[in-house]
Amino acid sequence: MDRSWIGHGPGTTTNAITKSPGTRPGFFRGGDTLIDMNALFATLAVAAFAIQPAAPAPPPSSHAATFARYAVAADHHLASAAGAEILAKGGNAVDAAVATSFALAVVRPFSCGLGGGGFMVIALPDNPRTPAVNDVVRVAIDYRETAPAAVGPDYFSKLAAERPDASTRGGTAAGIPGTVAGLLSALDRFGTLDRAVVLAPAIRLARGGFAADRAYMAAAESRLRLYEKDAGYQKRFGFLWRVYLREGRVALGDVIRNPDQAEALELIARDGAAAFYHGAIADAIALAVQADGGGMTKEDLAGYEPVDAVPLEITFEKRLFLTMPPPSSGGLALAQTLGILERVNIRQYVGKPGAEATPQLMVLVAEAFKHAFADRAEWLGDPAFVDVPTDKLLSGEYLDARAKLVDVSRTHGPEYYGTRGIPPKDDGGTSHLCVIDAAGGAVACTETINLEFGSMLAVEPFGFLLNNQMDDFTTASGQPNAFGLTQSDRNLAAPGKRPLSSMSPTIVLDESGVVKAVAGASGGPRIITGTALALLYALVLEHPAGQAVAEPRIHHQWLPNVLEVEKNFPGKEGGLPTAMWLRKLGHEVRTPTRECAVQLIVRTPEGLQAACDPRKGGVPAGE
Ligand code: DON
């Protein structure tokens, strides 16, 4: 499947990707290089060091900090520290992002990992491979999981009677993982340090362990409830049960070590992506999936390719946002949301810099979200397989027409939004990290295994869990997925197709091209709304980054027709607190059922404000 044209939508540049020599434009194989002896020796040295596991340090306490030179914001303090360690060694933003991501694979095993996939947006002032030439790097790498050859549009509906949870649990739920290929593709072409150096912090953490924190415990408890319901799970998902859930006894502060994953990481450090997509790890993945009834094969793994795309560009208030094109819906929804907000003159509802969000502002934002999510539901899918009308959905004419529908005095039913009305009923764990380096390079990277601990199925010999990303496809026409998202048949599964995603890694450049902000989130569809709001809070309301990620948010995804408003939302209108006032305008208001965690770095005259969402407990690092 030739994906080389992906991302060339309206407002996107066609010359922005820096291509490595000898690769087809926008389509390359990442990472599977021959054995590098220097890397091998470095790996062995790391492994020798890692034999004495260190007791994990207590987590630093503040979710936000300001740094003078560089900053990393990940949703775990040890992952931020891994990235900062690499920056201190002279690495660039890509080196640091890759180190942070591999560390997250260890310390956030319920959110992301070797068995998952993701998206990475990179903006570097200089290409490290062509230092003599003025050659900026602006690229979006898509390493989303892909449907195995065995998975067609009716795969899940055929399994529905016998395995109603086929898209969420076990071997049938797993897509071909993309994380290792994507990260190493980024590192090989845009990084500056050896693989073994960049993977060293993750290997150390896998052997030395990390302490179960509150976010870990919340994810663990949600899975323990599933083990209580199904006696067969202890055997079927035995690795998760033993290693991560401690046979039901995992407690806050327990140190979780994973030497098997350390071995997998060492093989990857030594042999590159080939170690994962060929050989012992690939054999073990195929065996685990097939033993649990799934269809992924060694050929599926050998054929996996990350894809380069041109970042989707959004101009908002004279700043340039670089974000993810389809198969993410995040960039497009963010572009529509900001496009509508600019057209309805969002500034009339914004007070002095630092003032809190007004209820009227939230009305506008909620309406913009409803329009964007209605289009998401109808039009989006993997552009390598279906025609995604990006040009039309982002055209000035279309956004003018959407903005004219925004009514500050009331909200409307779902049929008012989108272009086709409500689809008929019979129709059809994530982690985000931000880096800014000392040279002004930036990476926004969001990765996922989908639900907490993914499919729950492990590749036991190598200590990692497989994703359940197949649930992001439309698995039954017209039926919502685990996040309540109703999606069209454009997002039905097909061999080699990538499921629609909400992940929205975003880099914001100021008028002179300097990185102003880096943002993104975890939380399913709340990724889009959380990222949009944190950026609006930081850039429009001019709140400090720490406040912008922490303060209450709203969420609307069109269907279900419910406006989620987090507790303690500020402001009053007509004598009513915001939530009550929104109810008066016709919204069904509820408190959120799931959380969203935003990471954000903002450049200010005082330095780089780096912030991790206190909802997930991350801590930034930097200098
Ligand atoms: O790609 C997506 O949109 C989903 N798989 C993301 C899932 C997620 O964020 C779970 N989060 N906490």
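Every number for a ligand or one of its atoms is a count from 1 in the order of the listing. Excluded from the calculations below are hydrogen atoms, water molecules and symmetry mates; all remaining heavy atoms, backbone and side chain alike, are included. Keep in mind it's a predicted model, so treat the numbers as computed, not measured.
Ion pairing between D213 and R108 holds under the 4.0 Å rule for side-chain N and carboxylate O. Using a cut-off of 4.0 Å between Lys/Arg side-chain N and Asp/Glu carboxylate O, E564 and R553 are scored as not salt-bridged. Taking the charged nitrogens against the carboxylate oxygens, D471 and R169 have no contact shorter than 4.0 Å, which rules out a salt bridge. A salt bridge is defined here as a Lys NZ or Arg NE, NH1 or NH2 lying under 4.0 Å from an Asp or Glu carboxylate O, and D230 with R236 fails to meet this definition. Using a 4.0 Å cut-off between charged nitrogen and carboxylate oxygen, K616 and E595 do not count as a salt-bridge pair.
Every N/O-N/O distance between L500 and ligand 1 stays at or above 3.5 Å. Note: an N/O pair closer than 3.5 Å links Q469 and ligand 1 by distance alone. Below 3.5 Å of separation, one finds an N or O of G523 facing an N or O of ligand 1. An N or O contact shorter than 3.5 Å is missing between S522 and ligand 1 by distance.
A side-chain hydrogen bond (donor to acceptor under 3.5 Å, both in side chains) with Y417 is found for exactly one of H371, E367, H556, namely E367.
Atoms of ligand 1 found under 4.0 Å from any heavy atom of F483, numbered from 1 in the order shown, are 7 (C), 8 (C), 10 (C). For ligand 1, the atoms lying closer than 4.0 Å to a non-hydrogen atom of I527 are 9 (O). Annotation for ligand 1: atoms under 4.0 Å from non-hydrogen atoms of S502 are 1 (O), 2 (C), 3 (O).
Residue, atom and distance of the protein heavy atom nearest to atom 2 (C) of ligand 1 are D472 OD2, 3.2 Å. Nearest protein neighbour of atom 1 (O) of ligand 1, counting heavy atoms only, is S501 OG, 2.7 Å. Scanning the protein for heavy atoms near atom 7 (C) of ligand 1, the closest one is T430 OG1, 2.9 Å.
Contact annotation for T448 and ligand 1: only side-chain heavy atoms (C-beta onward) come within less than 4.0 Å of the ligand. Of all the heavy atoms of R144, the ones lying under 4.0 Å from any atom of ligand 1 belong exclusively to the side chain. Residue R594 does not touch ligand 1, judged by heavy-atom distances below 4.0 Å. In L451, neither the side chain nor the backbone holds a heavy atom less than 4.0 Å from any atom of ligand 1.
Counting non-hydrogen atoms of other residues, nucleotides and ligands closer than 6.0 Å to CZ of R246 gives a total above 12.
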Open item on the list: Set out, in order, the CA-CA distance, both residues' side-chain angles and the distance that settles side-chain contact (heavy atoms from CB on, under 4.5 Å) for D613 and H63, then state yes or no.
Closed with: CA-CA 7 Å; D613 201 317; H63 79 282; over 6 Å; no
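Between V139 and V310, every side-chain heavy-atom pair lies at or beyond the 4.5 Å cut-off.
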